[in-house]
Amino acid sequence: MTLGRIGVAATLPVLIWALAGAAMPTYPPTAQSRASGVPFVREVDRGASLAGLSVFVAAGLEQQTVATSGIAALVAECLVRTPVEAAGGQREPLRDAIAALGGNVSYAVDDRTAHFYLESRPAELPALAALLAKAFAQPNFSGPILSAARATLTQRSNEGEKNPLRVGVQMFKESYLPAGSAFPDFGTSASLSQLGPQALADFFARTYRRGSISASAVGAATPGLAGALAALTQALPAGSVTAPDRPARVLPANPKRVVVRRDVQGPFVVLGFAAPAPKDADFGAMLVLETLLSSAFERTSATTLNLAEKPVGALYLYETTPASLVVYVNGSSGLDPTGGLREIGLVAKSLASKRIAPDELRKLKAQTIGAFVTGVTTLADRSYLIGLFAADGIPNGSLDRALDAIDGTTAADIERAAKRYLQKYVVAIVLPRDNPTSH
C-alpha cells in the first residue's frame with residue numbers, strides 16, 4: 001500500500017460481475033475487539049493455509065519534521081535488523097529469526113502509522129509476534145545496523161527518483177499535504193545521512209507507545225494470537241501519541257503548476273485532487289471516478305503494464321491523510337501530455353454537470369468492483385486494509401463495505417463527488433533532464 005503500489009503491475013479490471021445476475025463477491029466476515037486494551041480487528045478465512053498479522057504504531061510520516069525526513073522508515077528498517085534471541089539462545093536479526101521459523105516480516109509507512117506485517121503458518125504466528133516484541137523492547141540503532149538500514153533506504157529513494165509517477169505524486173503531496181506527510185516515504189539520501197542513533201532513539205521513544213498501537217489479522221484461525229499481541233504491546237512503554245494538528249493546504253482556484261527535471265524518458269504530468277476518506281459517503285463514488293478517469297484513454301494490451309507505463313491512469317490514495325486522487329498522463333507512451341491534460345479537465349467538468357447514463361454506470365461499477373478485488377489479493381493487502389478501515393471508523397474494518405459502497409453508487413453521487421473534488425487541483429510536471437545523469 002501507500003506509494004509503494006505505484007511501482008507494481010496493474011491488473012486489468014475483472015468484468016465477471018457485469019454478467020446479468022452474477023452475485024457480488026464477498027470477503028470473510030470480520031470482528032472487532034480489544035486485546036488487553038489494543039484495538040484488534042480479525043478476518044478468519046477458512047480457505048487460507050497461512051495467517052498474517054499487521055501491527056500499527058503511530059510512527060508515520062506525520063510525526064516527521066523537515067530535519068527528520070525519512071526517520072519513520074529508517075527506524076522501522078533498523079527494527080527488522082535488530083538482533084533478537086531466537087531458538088537455541090543465539091541472537092540474530094529479527095528478519096532472519098522470523099525466516100528461521102518459516103515466516104516473514106515486512107513494514108511500510110503511511111501518513112499516520114508505521115505498520116509491521118508478519119506472515120507464517122498459523123501455529124508459528126504467535127512466536128513471530130513474540131520475536132517482534134523483543135525488537136520493540138530493545139531496538140538497536142547502533143552504527144553497523146544504522147549504516148546498513150540507511151544504505152537500503154537510500155537505494156530505494158534513488159530508485160524512486162527515476163519513477164516519474166512517484167516523483168509527480170511526491171510533488172503534489174508537497175504542494176497539498178502538511179509538513180511531515182508531504183515528505184518522501186524513504187526520505188532522501190541527504191536527509192538520511194543526517195540521522196544518527198540518538199535521533200532514531202528519540203523518535204522511537206516518542207512514537208512507539210502502548211496506547212497508540214492497533215492490530216489486524218487475516219487468514220487461517222490462529223489460537224493464542226490475542227495473547228501474543230497483548231505481550232507484544234507490553235514491550236512498549238505506556239502512553240499515547242498525539243497526532244499533529246496540521247491541516248492540508250487549500251487547493252487554489254487557479255491550478256498551481258510545479259515543474260521538476262529527472263532522468264525520465266519523456267514528459268510526465270500528474271494532476272492532484274483532494275478526495276474523501278474511506279468513511280465518507282463519497283468513498284464509493286470516488287472509487288468509480290478512479291476507474292473512469294483511469295480508463296479514459298484505455299488501450300488494449302497483451303501484456304500487463306506497470307502503472308507508470310500506462311498512457312493515462314488514476315490512483316485514489318485513500319490511505320493518505322487527508323485522502324487524495326492523482327490522475328496522470330505519460331508522455332513516453334506517445335500521448336501528447338498537453339492534449340491529455342486538456343481532455344481530463346473537460347471530463348472532470350462534464351462529470352460535474354452531466355449525469356452518467358445507467359448502462360455506462362453499471363459497466364463502470366462492475367469494472368470498479370473488479371479492480372478493487374484484483375488489487376487486494378494477498379493476506380498482507382487485506383490485513384492492512386481492514387486495519388486502515390477500522391481505524392477510519394468503518395465497522396469491523398470490513399472490505400465488503402467498500403464493495404457495498406461501489407455497488408450503491410448512483411449517477412447523482414458521481415456528479416456530486418466530481419463537483420466537490422475534481423474542480424481544483426495541482427499540476428505536477430516531470431520533464432527529462434537536458435543532460436541525463438546517473439543521479
Exercise for the section: May I ask you to decide if the ring planes of Tyr107 and Phe116 are parallel, tilted or perpendicular, using 30° and 60° as cut-offs? Expected result: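 Correct class here is tilted.
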Considering all heavy atoms, the nearest [X]-[Y] contact:
X: Val44; Y: Pro28; value: O-CB, 3.3 Å
X: Val38; Y: Ile213; value: CG1-O, 3.5 Å
X: Phe183; Y: Lys173; value: O-NZ, 4.2 Å
X: Val427; Y: Pro255; value: CG2-CB, 4.3 Å
X: Tyr318; Y: Pro278; value: O-CD, 3.7 Å
X: Gln423; Y: Ala352; value: NE2-CB, 3.5 Å

Is there side-chain contact between [X] and [Y], with heavy atoms separated by less than 4.5 Å?
X: Val270; Y: Leu165; answer: yes
X: Arg362; Y: Pro358; answer: yes
X: Glu77; Y: Arg95; answer: yes
X: Phe186; Y: Asn158; answer: no
X: Val347; Y: Leu422; answer: no
X: Asn396; Y: Arg401; answer: no
X: Leu101; Y: Leu131; answer: yes
X: Val169; Y: Leu315; answer: no

Practice task
Could you tell me whether Tyr208 and Phe136 have their ring centroids closer than 6.0 angstrom?
Solution key: yes
Exercise for the section: Measure from the ring center of Tyr421 to the ring center of Tyr316 and say whether it is less than 6.0 Å. Expected result: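 So the answer is no for these two rings.
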Any donor and acceptor pair, going by atom type alone, linking the side chain of [X] with main-chain N or O of [Y] inside 3.5 Å?
X: Ser216; Y: Ser383; result: yes
X: Ser353; Y: Lys349; result: yes
X: Asp280; Y: Phe283; result: no
X: Thr222; Y: Ala220; result: yes
X: Arg209; Y: Val241; result: no
X: Asp392; Y: Phe389; result: no
X: Arg382; Y: Gly52; result: no
X: Lys365; Y: Asp407; result: yes
X: Thr68; Y: Gln64; result: no
X: Asp282; Y: Pro276; result: no

Out of curiosity, [X] [atom1] to [Y] [atom2], how far, rounded to the nearest 0.5 Å?
X: Glu62; Y: Arg112; atom1: CD; atom2: CZ; result: 8.0 Å
X: Asp404; Y: Leu399; atom1: CG; atom2: CG; result: 11.0 Å
X: Leu74; Y: Leu153; atom1: CG; atom2: CG; result: 5.5 Å
X: Leu225; Y: Leu118; atom1: CG; atom2: CG; result: 9.0 Å
X: Glu174; Y: Arg249; atom1: CD; atom2: CZ; result: 9.0 Å
X: Leu292; Y: Gln367; atom1: CG; atom2: CD; result: 8.5 Å

Practice task
Report the residue from Asp381, Leu53, Leu379, Val105 that forms a side-chain contact (heavy atoms from CB on, under 4.5 Å) with Tyr117.
Solution key: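 With Tyr117 as partner, side-chain contact (heavy atoms from CB on, under 4.5 Å) holds for just one option, Leu379.
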Could you tell me whether [X] atom [atom1] has more than 12 heavy atoms of other residues or ligands within 6.0 Å of it?
X: Arg261; atom1: CZ; result: yes
X: Arg121; atom1: CZ; result: no
X: Glu159; atom1: CD; result: yes

Exercise for the section: Pick out which of Tyr425, Tyr176, Phe172 makes a ring pair (Phe, Tyr, Trp, His ring centres under 6.0 Å) with Phe273. Expected result: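 The residue from Tyr425, Tyr176, Phe172 that satisfies ring pair (Phe, Tyr, Trp, His ring centres under 6.0 Å) with Phe273 turns out to be Tyr425.
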Handout entry: Polar side chain donor-acceptor pair, Ser157 to Thr188, under 3.5 angstrom
Key =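 Result is no, nothing qualifies.
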Handout entry: Short N-O contact, Lys162 and Asp263, less than 4.0 angstrom
Key =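 Answer for the salt bridge query: no.
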Exercise for the section: Check step by step if side-chain contact (heavy atoms from CB on, under 4.5 Å) holds for Phe268 and Val167. Expected result: CA-CA 9 Å; Phe268 203 100; Val167 172; over 6 Å; no
Practice task
Apply side-chain contact (heavy atoms from CB on, under 4.5 Å) to Leu385 and Phe372, showing your working.
Solution key: CA-CA 11 Å; Leu385 274 188; Phe372 185 88; 4.1 Å; yes
Exercise for the section: Please assess Thr320 against Asp110 for the test side-chain contact (heavy atoms from CB on, under 4.5 Å), listing each intermediate value before the final yes or no. Expected result: CA-CA 7 Å; Thr320 60; Asp110 59 27; over 6 Å; no
Problem - Worked check of side-chain contact (heavy atoms from CB on, under 4.5 Å) between Val430 and Met171 - result: CA-CA 9 Å; Val430 185; Met171 292 166 63; 4.0 Å; yes
